[in-house]
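See structure below.
Numbers restart at 1 for each chain; the letters A, B, ... are given by sequence-line order, proteins then strands.
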Amino acid sequence: MGVSTEQWQHFAHDADMGVRGVGRTVAAAFEQAALALVAVIADPATVRGQVRVMMQCAAPDLEYLLVEWLNTIVYEMGVRNLIFGRFRVHIDGSRLTAEAWGEAVDPVRHQPAAEVKGATLTALSVALGPDGLWRAACVVDV
Amino acid sequence: MDLGRFEQIGPCAWRVAPTGAMRVPAVIFADAALIGAMDDKVFQQLTNVATLPGIVRAAYAMPDAHWGYGFPIGGVAAFDAGAGGVVSAGGVGFDISCGVRTMLSGLRLADVMAVQHKLADDLARTIPAGVGSTGRLRLDAPTTDAMLAGGARWAVGEGYGDADDLTRIEDGGCVADARPDQVSDRAKRRQRDEMGTLGSGNHYLEVQAITEVFDSATATAFGLRQGEVVVTIHCGSRGLGHQIGAEFLRDMAVAAPGHGIHLPDRELACAPIDSDLGRRYLGAMRAAINCALANRQILTHLTRKVFRHHLPEARLDLLYDVSHNTLRAETHVVDGVSRALHVHRKGATRALGPGHPDLPERLRATGQPVLIGGSMGTASYVLVGTADGEAKAFGSACHGAGRALSRHAATRQFQGRAVAEALARLGTLVRSPSWRGIAEEAPGAYKDVSAVVLAAERAGLARRVARLAPLISVKG
């Protein structure tokens, strides 16, 4: 069985955490980066999709758009006291619209380790690799 | 990090001469072992900071420096508006005014140990901590603005603590020139349910025993006696500060070319002090400092209620409250000339020496308490600012141990339940809603805080006064 092309990864940073999403499209890479962000807090597989939230953001280029996207997720989870476990992203030029599914934070079941304070510009990159896959990455402040 | 690139200029001080675009030298205060263990990114980030417009004297790194974003954590840099100096959101960090507050209980160790388990459980129930926790306070819009303008003074006015507390907080508990109108609606919205919450990650509330005194005269003046117990809170401006940091980081990065600023790293995003964006950031950032001071004041009130129930004789008077993620307008003498500077301290503690006019009257003879957090299994320290520190790094010292392992590496190496059980056997009760959180914050994930404070002392930044060991650690 082949490895799925869509995946998320963490990469090391001294005090914080690097998040990376990989996908066939920019939107898919952003969806995976969002899962990587959630995984800093808790295992996305433990999150039930009970609530749907619509989000949108815009930025001058794709890299700033990734930062805006991750910060929008941090904001929405913070003010709604939710954790998301699934995302669907649509990107049209410099605008992003998305749906996210999640539920209220359950400390016992989710075992949330740490809040994400925000997405930084460190190790920020959105690029198409020679393998034909998009990678969207940056360090998030924990 | 390779020591070969440095010139040793003191027992724990190393200098990199300016080259290329660097406007000033870079200076690291640490011993050879600490520098050797630092990531090479610290060198890169510190020398990048040295290229920023209007930087004065040097870009400094404290003994606990580690890889941050833009500025290293443990970075100090001062800028002169008259020389085109800048303010940087990345030079303060997302957790604006994250800081430490220590309270003197007047209790003996045995008093606390007699109720240790009940006290730990009750503190964990009372102090909102962890992801998704909310405070009992809900702020409407006018009240939020009053809190952002008034800081801990506002909190005391609302019945959280005593007026006497304000004399033991930086700036009397309220930073002037805060501009609540420059704080976005989103930032205010994030704070609506988060007043009086501890947060998560490395934030904590600890009950600590004073296990060693290094400077008995200063310890006595501070009210620190070996064998007694103190309570320390480490947290910051919560969601409001995080949102302000994120918004201005983006705005400064986008606007930098328009300000004629070349950034070697986008994360150094900054704006001229004398620009609309720079002034807006200063107003919002000061409001976030007031938010952090109010938050720690509310947590103090909650802590006192718990102690009153279990140990009615406890006092919980403030020793001091000091922030370690700040940007302050300060006056410093540089090459014999008094200059108005904007000093960034990102993961660095202000450390004022004896006689400094900004110190409250009661601390003027001794110098400022410098509160250094450790990990939940190791020590914390109280240091005191030195007269020398003013000249060395604008009156700054370290802020904690600094991580030795990334969070990812820590979770591979440690199991939260095992860490908590091991600490309990050593006499420290850990209370947290998250086993994974405990694993990420395991004592073994941090550097040796004792080596860090010793280096700070040898460098002349601050002097050790007392060592504190955790008895109870409430974590997010």
Side-chain angles (χ1 to χ4, degrees), chain A residues 9-19 36 38-43 46 57 59-61 63-68 70-72 74-83 103-125 138-142, chain B residues 38-39 41-42 66-70 72-73 90 93-95 130-134 186 189-190 192-194 199-203 236 238-239 241-243 245-247 249-250 253-254 265-269 347 402-409 411 416 433-441 476:
Chain A
Q9 302 158 349
H10 287 155
F11 57 95
H13 181 276
D14 272 7
D16 299 312
M17 193 83 95
V19 298
V38 170
V40 173
I41 305 164
D43 180 358
T46 65
C57 57
D61 62 36
E63 290 186 343
Y64 283 118
L65 190 61
L66 175 67
V67 171
E68 282 300 302
L70 297 179
N71 281 335
T72 300
V74 169
Y75 173 82
E76 294 292 345
M77 290 200 297
V79 299
R80 296 172 190 270
N81 196 19
L82 291 175
I83 186 160
E103 63 175 327
V105 176
D106 180 337
V108 175
R109 188 156 45 80
H110 297 134
Q111 287 288 300
E115 294 165 311
V116 173
K117 294 168 188 162
T120 78
L121 309 180
T122 296
L124 171 60
S125 170
C138 72
V139 169
V140 297
D141 189 347
V142 178
Chain B
M38 287 178 192
D39 193 298
K41 292 278 197 320
V42 174
H66 51 281
W67 180 21
Y69 42 96
I73 313 291
F94 282 15
D95 199 359
V131 177
S133 62
T134 55
R186 286 168 80 88
R189 175 66 185 82
R190 273 184 80 174
R192 194 185 70 177
D193 303 331
E194 292 197 0
S200 61
N202 63 359
H203 293 161
R238 309 293 299 114
H242 307 168
Q243 188 71 24
E247 290 170 1
L249 184 67
R250 172 200 62 203
V254 171
D265 173 355
R266 269 184 300 196
E267 197 66 37
L268 282 168
R403 289 191 77 90
L405 296 178
S406 70
R407 293 181 177 280
H408 199 53
T411 51
S434 170
W435 294 120
R436 183 180 147 189
I438 293 175
E440 290 190 4
E441 292 293 319

Minimum heavy-atom distance between [X] and [Y], given as atom pair plus value:
{"X": "Ala113(A)", "Y": "Ser434(B)", "result": "CA-OG, 3.6 Å"}
{"X": "Gly199(B)", "Y": "Glu115(A)", "result": "CA-OE1, 3.7 Å"}
{"X": "Val40(A)", "Y": "Arg436(B)", "result": "O-NH2, 2.7 Å"}

Notebook entry, point to check: Side chains of Arg186(B) and Val79(A): closer than 4.5 Å at any heavy-atom pair?
Noted result: no
Would a 4.5 Å heavy-atom cut-off, applied to side chains only, mark Val139(A) and Tyr69(B) as touching?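 The answer is no; the side chains never approach within 4.5 Å.
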Tell me whether the guanidinium CZ or amine NZ of Arg266(B) lies under 6.0 angstrom from the six-membered ring centre of Tyr64(A) and within 45° of its axis. yes
_CA sep, side-chain torsions, deciding dist, call: Arg250(B), Val67(A), side-chain contact (heavy atoms from CB on, under 4.5 Å)_ = CA-CA 8 Å; Arg250(B) 172 200 62 203; Val67(A) 171; 5.7 Å; no
In terms of heavy-atom pairs under 4.5 Å, which option from [options] contacts chain A the most?
{"options": "Ala404(B), Ala409(B), Ala253(B)", "answer": "Ala253(B)"}
{"options": "Arg238(B), Glu247(B), Glu441(B)", "answer": "Arg238(B)"}
{"options": "Leu249(B), Val131(B), Val254(B)", "answer": "Val131(B)"}

Using heavy-atom distances under 4.5 Å, tell me whether Arg403(B) contacts chain A through its side chain, its backbone, both, or neither.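 Contact with chain A: side chain only.
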The interface call for Ile438(B) against chain A, heavy-atom contacts under 4.5 Å, is neither
Is a side-chain donor or acceptor of Gln111(A) paired with a backbone partner of Pro433(B) at a separation under 3.5 angstrom?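 Flag set: sc Gln111(A) to bb Pro433(B) pair under 3.5 Å.
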Could you measure the distance from the [atom1] atom of [X] to the [atom2] atom of [Y]? Nearest 0.5 Å is fine.
{"X": "Glu440(B)", "Y": "Met17(A)", "atom1": "CD", "atom2": "CE", "value": "5.5 Å"}
{"X": "Asp265(B)", "Y": "Thr122(A)", "atom1": "CG", "atom2": "OG1", "value": "6.0 Å"}
{"X": "Asp16(A)", "Y": "His66(B)", "atom1": "CG", "atom2": "NE2", "value": "7.5 Å"}
{"X": "Leu124(A)", "Y": "Glu267(B)", "atom1": "CG", "atom2": "CD", "value": "8.5 Å"}

Identify which of Met77(A), His10(A), Glu63(A) forms the greatest number of heavy-atom pairs closer than 4.5 Å to chain B.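 So the answer, after comparing Met77(A), His10(A), Glu63(A), is Glu63(A).
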Does any backbone or side-chain atom of Ala119(A) lie under 4.5 Å from a heavy atom of chain B? Answer side chain, backbone, both or neither.
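Ala119(A) touches chain B through backbone heavy atoms alone.
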